[in-house]
Amino acid sequence: MFSRWWKFGRDRFTDVDLFSDGSESAAETLSQAIRAAASQEPDADGSVLFGQLRGTVVGLRYYTGVVNRGEMVGLVREPHNPYDKNAVMVTNVLGRQVGHIRKELAAAMAHVMDNSLAKVEGVVYSGTNNSFSMPVTLSFLGSEENRDAVVKHMASRGFRLDADGGGAAGTRSPLGDLVFCTLTSGVTIPLTAEELKNAFDNLFEDLMESKDGEKEAAESVATPLLPHQKQALSWMCARENKDALPPFWEKRGDLYYNSLTCFSAKEIPERVRGGILADDMGLGKTLTTIALILTNFHKGKPLPVERCVSCHVESPPHFIQSKGGRDRRSRRGAGGRKVRTNLQSGHFSSNYVYPAPAKRSTNPLSANPAKVQAPLNLLTATRAVDEEICNTVCTEGLVLLEDLGFAAALSCTMSETKPKKKKAAEKCKLKQKSTDDLSAKATLIVCPLSVLSNWLDQFEQHLRSDVKPNVYLYYGSERNRSKTFLSSQDVVITTYNVLSSDFGNTSPLHGINWLRVVLDEGHVIRNPNAQMSKAALKLKAQRRWILSAGTPIQNSVKDLWMLLAFLRLKPFDVREWWNRVIQRPVIQGDRAGLQNLQTLVKCITLRRTKNSEVNGRRLVSLPKKTVYVEQVELSAQEREEYELARNEGRRTIGRYVAEGSVLKNYADVLAILMRLRQYCCHPDLIGKIAADLAPHHHAASADTPAELRQRLVEKMRLVLASGSDEECSVCLDSIRMPVITHCAHVYCRPCIAQVISSEQKARCPLCRSEIKTSELVEFPPEEMEDEKSVESDRWRTSSKVQALMGNLLRLRSEDVGLKCLVVSQFTRFLTVLQTPLREHGFSFVRLDGTMSQKKRTQIIQEFQSSAADSPRVMLLSLKAGGVGLNLTAASRVFLMDPAWNPATEEQCIDRCHRLGQERNVVVTKFIVKDSVEENMVKIQKKKQDLVEKAFGSASTDRKTSRIDDIRALLEV
DNA sequence: ACCGCCGGGTGCC
DNA sequence: ACCGCCGGGTGCC
């Protein structure tokens with residue numbers, strides 16, 4: 001039994017600690033403040049230990065926070081403390097205040113902390129024999145250049161920084177060894193960079209936690225699950241339902257103890273209901289998640305969904321009759337009133353009548369309060385409201401409400417509900433005591449726009465046709481923003497962009513207590529500074545899931561924090577504890593730290609690869625995939641034009657390199673390369689745009705605003721069309737609604753608008769030039785290209801077109817039913833290809849980034865159809881979909897031009913080489929011989945090797961490294 | 001706090 | 001009595 005000590009011997013303090021609501025809410029706001037401060041905490045990767053010293057925590061008796069022997073404590077500056085502006089507050093892992101650092105020491109530390117000369121961390125190694133103060137060991141960490149200043153400053157105040165922990169060595173607990181072994185003398189041999197990289201690569205390999213169980217989906221799921229999907233379902237249900245403690249927590253007697261921070265508490269730590277499902281693409285994460293939603297509602301029961309014979313539309317209304325109800329409901333906050341507003345402005349279909357506040361007699365609805373009609377769970381916007389109504393109903397005995405808890409206890413069919421109304425009333429009373437919050441009902445799915453339609457399809461596809469859960473697509477300007485409405489759905493689907501643009505305004509999504517939030521492609525929130533990451537963190541939910549194709553981390557252990565924070569994995573959702581306990585030890589090669597990280601990840605992640613096996617059998621057997629490279633020879637005339645352009649480009653770029661102005665002329669350099677790549681495909685791709693943009697033009701040269709605007713538009717077009725996979729530096733995602741600044745950097749409009757509005761004097765995140773909203777330039781509305789210029793009458797062929805058509809004609813003669821994807825980065829090339837396709841009688845569809853979501857869905861459906869007259873060819877723009885698109889009807893892929901990023905090509909191929917593909921897949925990559933394309937392929941290979949070798953060093957500036965690519969490409 | 005510090009009461013033994 | 005000594009009140013920042 002570990003020696004447990006409480007700093008309060010007297011019971012009254014314990015009582016205060018446990019039962020005082022006041023202190024609870026104070027602690028809540030305090031921990032929020034700490035969390036806010038901690039989110040700004042830098043990674044402090046290169047920090048070294050300056051030394052340690054022993055200090056004293058005083059004033060323990062005034063606060064409720066408790067600390068155990070060996071526990072880490074937080075140190076928070078309190079510059080506004082009315083008694084001492086140097087005050088340093090001490091908190092425990094939960095953020096509860098423990099005391100203060102004694103003022104003399106605090107005065108010395110304040111200077112160090114306020115000037116960020118060092119980060120100070122505290123650990124309480126030994127107990128105290130009184131209830132007024134206790135010793136604390138403080139470690140000062142920072143970058144080497146500040147060491148002297150810190151040591152001197154502390155010394156001048158009479159505090160000597162010791163290398164060995166200020167005499168704490170003798171009393172060091174095992175935790176001290178664990179955290180500091182690499183900081184002090186080499187007790188253990190640190191991991192080599194190589195070992196670390198390997199360990200890190202394998203972090204997400206084959207985390208098949210749930211070998212033990214399989215679970216069948218609810219009967220409303222029509223598609224039979226594969227064995228590995230049943231495993232996943234079983235694991236996910238267990239993660240949601242079981243009361244297992246989070247990793248590193250254990251029960252010790254009456255207390256819950258965290259073995260990493262040594263924190264212990266009487267209250268059970270908040271459990272992580274959810275985790276990371278990181279299966280490889282094609283293993284059916286979407287289906288599994290749908291199965292989870294349908295199978296695991298409250299208390300492990302399936303989601304009650306409507307069964308109807310002549311199946312259509314909404315669930316039947318559920319009635320509430322209550323005389324007192326309206327008065328109570330009138331106390332509702334904005335939610336209720338908002339509904340009314342929407343109702344009055346006619347946004348709702350007349351199927352629904354909403355309860356409304358009764359206080360205003362002008363409200364037409366209050367005229368007849370006796371009978372209020374609402375769809376299922378309309379009144380459960382907040383738990384308070386729910387219970388209020390519940391109470392009303394129970395006490396007055398007018399029970400006609402389908403209570404959620406009640407519904408949960410039933411099997412799916414509604415017909416059974418009627419005889420059990422008395423139980424519903426009992427349930428009402430019970431519910432208040434239950435720890436589970438049953439008011440939450442809806443699952444929110446957040447995904448990239450590209451997979452939005454996929455989710456809808458899959459709900460349609462995998463459910464029994466007579467089962468209609470309420471699935472609402474929260475997207476588009478007409479979206480229904482009513483919280484009451486949204487929280488009454490079974491499933492709400494939205495995109496990261498909608499989520500982050502709603503965030504900051506009065507986001508209904510953030511006002512709802514979700515049953516479950518699912519982040520699809522969840523690795524997109526890895527940057528904690530990005531707006532959409534912040535928005536995701538603020539969602540309220542009982543269960544949280546991250547779906548991720550493959551390992552959700554890219555470069556380093558840092559990427560993991562955001563995921564753990566989203567999952568609310570205590571205590572690591574506060575950055576400081578993550579840094580101290582996991583990130584710094586791992587980066588510094590601490591084996592124990594790595595071990596802890598592995599344990600952590602293993603507990604919350606399920607990941608299988610396409611190659612994983614269950615009982616010696618592959619999870620899924622995908623058909624074979626073969627990739628061919630077909631070399632294309634340019635005709636004599638094409639070669640001549642190409643060489644001309646190449647020589648000119650070499651000269652220009654050579655000059656830029658000599659001047660050192662490559663970065664400044666980035667767009668021009670891309671333009672030159674682009675032109676060469678376009679020549680490789682088809683001469684008509686080089687529109688007047690590229691020709692106009694002579695490389696000697698500079699944005700700096702004075703010209704009319706119209707000219708400037710025009711040139712900025714051209715630059716933006718080039719940057720976006722370059723196929724170089726530009727991402728917005730604010731949200732780190734692909735650029736949507738592009739705008740270009742006067743300093744010629746391209747961002748998403750909402751992202752940069754946010755930046756500008758958040759600062760007095762906004763600066764470009766890339767070059768720090770001053771920027772204004774009024775100076776953002778976007779594409780003119782008539783932008784839709786003069787496609788005519790490449791249309792039929794003046795049409796000519798090219799070697800690459802010939803190569804493709806040869807293949808297509810041959811394939812058609814072999815197999816009429818065969819479907820092909822024809823992929824290019826240049827939408828104009830797709831347009832060029834339409835002519836010969838039409839000429840040879842191919843039926844085809846086209847999918848590119850300019851299409852609306854609705855149109856996309858329609859086209860994909862058309863292409864996927866097995867009807868005899870369905871399209872044989874899809875012209876696909878490489879960047880049109882991103883991951884997730886399902887194009888399994890095709891089994892041949894033609895990649896018309898190489899991409900900078902080989903992963904983009906892989907993703908594209910995987911759209912048809914995935915679960916559901918029944919034929920062998922053959923991929924043909926066209927590469928023009930002796931051209932920029934061949935060099936691009938070489939660079940692709942080199943890059944891949946580099947990525948495989950280097951670990952953590954991939955953070956080199958993307959643009960600089962691309963300029964090295966460019967130099968290599970042109971051999972300058 | 002079984003401390004230190006403060007300030008009032010007190011004053012040979 | 002401009003001290004010492006005693007004992008009660010008191011105590012984070």
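As the structure is a prediction and not an experimental result, all values here were calculated from the model. Chain identifiers are assigned alphabetically (A, B, ...) following the order of the sequence lines, protein sequences preceding nucleic acid strands; residue numbering begins at 1 within each chain.
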Can you name the residues that form a ring pair (Phe, Tyr, Trp, His ring centres under 6.0 Å) with Phe503(A), not counting sequence neighbours? His510(A)
Round to a whole Å and report the spacing from OH of Tyr62(A) to P of dC13(C). 9 Å
Atom-pair distance (CG on Leu60(A); C1' on dC13(C)), nearest Å: 12 Å
Does the pair Glu78(A)/Lys85(A) count as a salt bridge with the N-to-O cut at 4.0 Å? no
Under 3.5 Å on both distances, the Watson-Crick or G-U partner of dC3(C): dG11(B)
Side-chain donor-acceptor contact under 3.5 Å, Gln52(A) with Ser139(A): yes
What is the distance, to the nearest angstrom, from the CZ atom on Arg102(A) to the P atom on dC5(B)? 11 Å
So, does Lys103(A) get its side chain near the phosphate of dC13(C), meaning an N or O under 4.0 Å from OP1 or OP2? yes
Can you check the distance between dA1(B) and dC5(B), where both ends of the measurement are the C1' atom (answer in whole Å)? 12 Å
Nearest whole Å is fine: how far is dC13(C) C1' from Phe132(A) CZ? 16 Å
From NZ of Lys85(A) over to P of dC12(C), roughly how many Å is that when rounded to an integer? 20 Å
Any side-chain N or O of Arg61(A) below 4.0 angstrom from OP1/OP2 of dC12(C)? yes
Gap between atoms CE and P, on Met134(A) and dC12(C) respectively (whole Å): 15 Å
Any salt bridge (Lys or Arg N to Asp or Glu O under 4.0 Å) pairs touching residues 150-160 of chain A, not counting sequence neighbours? Asp148(A)-Lys152(A), Arg160(A)-Asp162(A)
Go through dA1(B), dC13(C), dC12(C) for me and flag the one nearest to the Tyr63(A) side chain. dC12(C)
Could you check how far NE2 of His100(A) sits from P of dG11(C), rounded to whole Å? 17 Å
Could you check dA1(B) for me: syn (within 90° of 0) or anti? anti
Could you state the OH-P distance from Tyr83(A) to dC12(C), rounded to the nearest angstrom? 10 Å
If you count the non-hydrogen atoms of other residues, nucleotides and ligands that lie under 6.0 Å from NZ in Lys772(A), is the total more than 12? no
C1'-based separation of dC13(C) from dC2(B) [nearest Å]: 26 Å
